[in-house]
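One structure below.
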Amino acid sequence: MALHPTEQHLRHVEKDVLIPKIMREKARERCSEQVQDFTKCCKDSGILMVVKCRKENSALKECLTAYYNDPAFYEECKMEYLKEREEFRKTGIPTKKRLQKLPTSM
């Protein structure tokens, strides 16, 4: 039985794996300042990063956790996922492949 492209039911793997993956990616983009600060601290601190980068790590965790615990953010990511899934069901082409530029002929 083929699934209707706009059908909204989510499978376990979609709820627990695929949507959280989108959430992590988007949260990292939105917390990019904290990601950069933590990354820079780690690069500059070498083996002492565990001790020296606590402040940056806490700031990054706080930023990411705020997004992970935000029901509106979950809904936003869920809708993005459903839109991508709907497109895939219509076209058979995953979003990442659709967004890549088509090769130009010479």
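- Counting only heavy atoms from C-beta outward, the side chains of Arg85 and Arg89 approach each other to under 4.5 Å.
- Summarising the geometry of Pro20 relative to Lys15, their closest heavy-atom pair is CD-O, 3.2 Å, with the distance given to 0.1 Å.
- By the 4.0 Å N-to-carboxylate-O rule, Lys78 lies close enough to Glu75 to be salt-bridged with it.
- Of the inter-residue distances, the one linking Lys43 atom NZ with Ser45 atom OG reads 12.5 Å to the nearest 0.5 angstrom.
- How far CZ of Phe73 is from CE of Met23: 5.5 Å, rounded to the nearest 0.5 Å.
- You'll find the side chain of Tyr67 stays beyond 4.5 Å of the side chain of Arg24, heavy atoms only.
- A salt bridge between Glu76 and Arg30 is present, with a side-chain N of the basic residue lying under 4.0 Å from a carboxylate O of the acidic one.
- Separation of atoms CD (Glu33) and CG (Leu60) is listed at 11.5 Å; rounding is to 0.5 Å.
- When all heavy atoms of Pro94 and Phe88 are compared, the closest pair comes out as N-CD1, 3.6 Å.
- Placement of Met79 and Tyr74 within a single hydrophobic cluster is found when ILVMFWY residues are connected by side-chain heavy-atom separations under 4.5 Å, directly or transitively.
- Rounded to the nearest 0.5 angstrom, Asn57 CG and Met49 CE are separated by 10.0 Å.
- Scanning both residues, Glu56 and Asp37, for their nearest heavy atoms gives CG-O, 3.9 Å.
- Contact check on Lys83 versus Glu87 returns no salt bridge, with no Lys/Arg side-chain nitrogen under 4.0 Å from an Asp/Glu carboxylate oxygen.
- No path of Ile, Leu, Val, Met, Phe, Trp and Tyr side chains, each step under 4.5 Å between heavy atoms, connects Tyr68 with Leu18, placing them in separate hydrophobic clusters.
- Note that CG of Leu64 and CG of Asn69 are 11.0 Å apart. Values are rounded to the nearest 0.5 Å.
- Under the 2.5 Å cut-off for SG-SG separation, Cys63 and Cys31 qualify: their sulfur atoms lie closer than that.
- Closest approach of Lys61 to Thr65, counting heavy atoms only: O-OG1, 2.7 Å.
- For the atom pair Glu14 CD and Tyr81 OH, the distance stands at 3.0 Å (nearest 0.5 Å).
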